[in-house]
Trainee: 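First the structure, which I've put down as structure tokens, then a few questions once you've had a look.
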Amino acid sequence: MTNTVAAANAEISRYVAASSRPIFDKPTIATQPPLVIRPYRLFSQRFPLLSLSLLERNSISSSRLRSLPNGSDASGGLTYKDAGVDIDAGSELVRRIAKMAPGIGGFGGLYPLGDSFLVAGTDGVGTKLKLAFETGIHETIGIDLVAMSVNDIVTSGAKPLFFLDYFATSHLDVDLAEKVIKGIVDGCQQSDCALLGGETAEMPDFYAKGEYDLSGFAVGIVKKDSVIDGKNIVAGDVLIGLPSSGVHSNGFSLVRRVLAHSGLSLKDQLPGAAVTLGEALMAPTVIYVKQVLDIIGKGGVKGIAHITGGGFTDNIPRVFPEGLGAVIYKDSWNVPAVFKWIQQAGKIEDAEMSRTFNMGIGMVLVVSKEASQRILEDANGAYTAYRIGEVVNGEGVSYH
């Protein structure tokens, strides 16, 4: 790790100052100059306008829109939009942003650096924080924060180099903040990247007592000739799914609405499981970095989709060339009990579930048939992987 960071720093020193205007290519290439990193854990009474705007843009471009309110569809089933999150509105905003900043919309942004790309991602954990406040489980929310960014940048084949965090609250509870940051440290260790710095903002009267907000920013590096961009995907390629730990960090506006309608509390047992609802819902997001980089290193990986807000329906097509779609084999993996409860308690349609949640698959790799056989054989005992579908001619995602 030390050698990798040192080499990257040397490249940055050499090339950033001398770089001319950025180039644009698939995936996203950044147009902004490198940011100056502030010293770690500074206190500020200012609103971090730059960080907030970057967070909002990347969250939307990745279809990770989060909000609250109420409602159900005409059939009586709850929907993500009724819970306050309009994915279609987010897609429209991305379309408009793309007119101003061409290339926006990938899982991570790429910036040219010599024979490599720096790959950057930013995200938060959304209203999962509300459940952290209610359950008192703060030790793992930092893992979620790291996961949401590093899992995005690894879809380009990039190895994470460093991570920055932003922690905001109205009144700083040092013991609570320490628990949160300990989770961030754990997440960085899991993804083999450095916690390089961050910002602690204490803003009186801005947040409710005992509450806080988080955002994170990750940067990785990949050789230009090793970028995973999906351009070589063809019909007949195989979709390999890596299992999730549960809901991860998306869809919690709808989850919380379902919970309110169900009459159950977070302390009640999850139907069909030996854990409470709170424990199941707060399970930290899987960090796929080491596993995915290991698979990439063996060849045959053509595209990777991080399954977040938008589910299979919106995220898998993002890595396909025009004219290609996917068929998903519905019974090819084990759907965790938490999703079965969410669907039943919320009377949610199958299509809505597939466009909102990961349904038990947090990362999808598009690989050649030959590579799929090796990946599935290697998975035996070392890790779990499923053949969940295939690439087909025609656009969109269908379920069989």
Trainee: Taking the basic N atoms (NZ, or NE/NH1/NH2) and the acidic carboxylate oxygens, is any pair closer than 4.0 Å for Asp175 and Lys179?
Mentor: no

Trainee: Report, one line per pair, each donor and acceptor closer than 3.5 Å where one atom sits in a side chain of residues 131-138; sequence neighbours left out.
Mentor:
from: Thr135; atom 1: OG1; to: Leu131; atom 2: O; distance (Å): 2.8
from: Thr135; atom 1: OG1; to: Ile137; atom 2: N; distance (Å): 3.2
from: His138; atom 1: ND1; to: Tyr212; atom 2: OH; distance (Å): 2.8

Trainee: Could you list all the ring pair (Phe, Tyr, Trp, His ring centres under 6.0 Å) pairs where at least one residue sits in residues 276-302, not counting sequence neighbours?
Mentor: none

Trainee: Taking Ile233 as the starting point, is it possible to reach Val392 by hopping between hydrophobic residues whose side chains are less than 4.5 Å apart?
Mentor: no

Trainee: Treating Ser170 as the side-chain partner and Met203 as the backbone partner, does any N or O pair qualify as donor plus acceptor under 3.5 Å?
Mentor: yes

Trainee: Where do Val255 and Lys128 land on the side-chain contact (heavy atoms from CB on, under 4.5 Å) test, with the steps shown first?
Mentor: CA-CA 9 Å; Val255 168; Lys128 187 172 186 176; over 6 Å; no

Trainee: In a check of side-chain contact (heavy atoms from CB on, under 4.5 Å) between Ser156 and each of Ile228, Ile221, Asp229, Leu110, which one passes?
Mentor: Leu110

Trainee: Decide side-chain contact (heavy atoms from CB on, under 4.5 Å) for Phe162 and Leu195; before the verdict, give the C-alpha distance in whole Å, the side-chain angles of both, and the deciding distance to 0.1 Å.
Mentor: CA-CA 6 Å; Phe162 57 83; Leu195 178 56; over 6 Å; no

Trainee: Where do Leu145 and Ile184 come nearest, in terms of heavy atoms and distance?
Mentor: CD2-CD1, 3.9 Å

Trainee: List the steps, then state whether side-chain contact (heavy atoms from CB on, under 4.5 Å) holds for Asp192 with Val289.
Mentor: CA-CA 8 Å; Asp192 196 20; Val289 170; 6.0 Å; no

Trainee: Are the side chains of Ile240 and Tyr386 in contact, using a 4.5 Å heavy-atom criterion?
Mentor: no

Trainee: For Val125 and Phe252, run side-chain contact (heavy atoms from CB on, under 4.5 Å): C-alpha distance rounded to whole Å, both residues' side-chain angles, the deciding distance at 0.1 Å, then the answer.
Mentor: CA-CA 9 Å; Val125 294; Phe252 277 91; over 6 Å; no

Trainee: Under the side chain to side chain donor-acceptor pair (under 3.5 Å) test, which residues partner Tyr383, sequence neighbours left out?
Mentor: none

Trainee: What's the spacing between Ile375 CD1 and Asp294 CG if we round to 0.5 Å?
Mentor: 10.0 Å

Trainee: Hey, what do you get for CD1 (Ile181) to SG (Cys188), rounding to the nearest 0.5 Å?
Mentor: 11.5 Å

Trainee: Surrounding NZ of Lys290 (heavy atoms of other residues, nucleotides or ligands, distance under 6.0 Å), is the total greater than 12?
Mentor: yes

Trainee: Can Asp144 and Thr285 be counted as having a side-chain donor-acceptor contact under 3.5 angstrom?
Mentor: yes

Trainee: Got a salt bridge between Lys182 and Glu178, using NZ or NE/NH1/NH2 to carboxylate O under 4.0 Å?
Mentor: no

Trainee: Which residues pass the salt bridge (charged side-chain N to carboxylate O under 4.0 Å, His left out) test with Asp350, sequence neighbours left out?
Mentor: none

Trainee: Looking at Arg374 and Gly300, would you say the former's side chain and the latter's main chain have a donor-acceptor pair under 3.5 Å?
Mentor: no

Trainee: Check side chain to side chain donor-acceptor pair (under 3.5 Å) between Arg355 and all other residues, then give those that pass, not counting sequence neighbours.
Mentor: Asp88, Asp314

Trainee: On a heavy-atom basis, which atom in Gly216 and which in Phe163 lie closest, and how many Å separate them?
Mentor: CA-CZ, 3.5 Å

Trainee: To the nearest 0.5 Å, what is the distance between CG (Asp123) and CZ (Phe217)?
Mentor: 10.0 Å

Trainee: Among the clusters formed by ILVMFWY side chains lying less than 4.5 Å apart, do Val234 and Val366 turn up in the same one?
Mentor: no

Trainee: Indicate the atoms forming the closest heavy-atom contact of Val150 with Ala218, along with that distance.
Mentor: CG1-CB, 4.0 Å

Trainee: Counting only pairs under 3.5 Å, give me each side-chain donor-acceptor contact of residues 319-340, with atom names and distances, residues two or more places apart or in other chains.
Mentor:
from: Tyr329; atom 1: OH; to: Glu390; atom 2: OE2; distance (Å): 2.7
from: Ser332; atom 1: OG; to: Tyr329; atom 2: O; distance (Å): 2.6
from: Trp333; atom 1: NE1; to: Met359; atom 2: O; distance (Å): 2.8

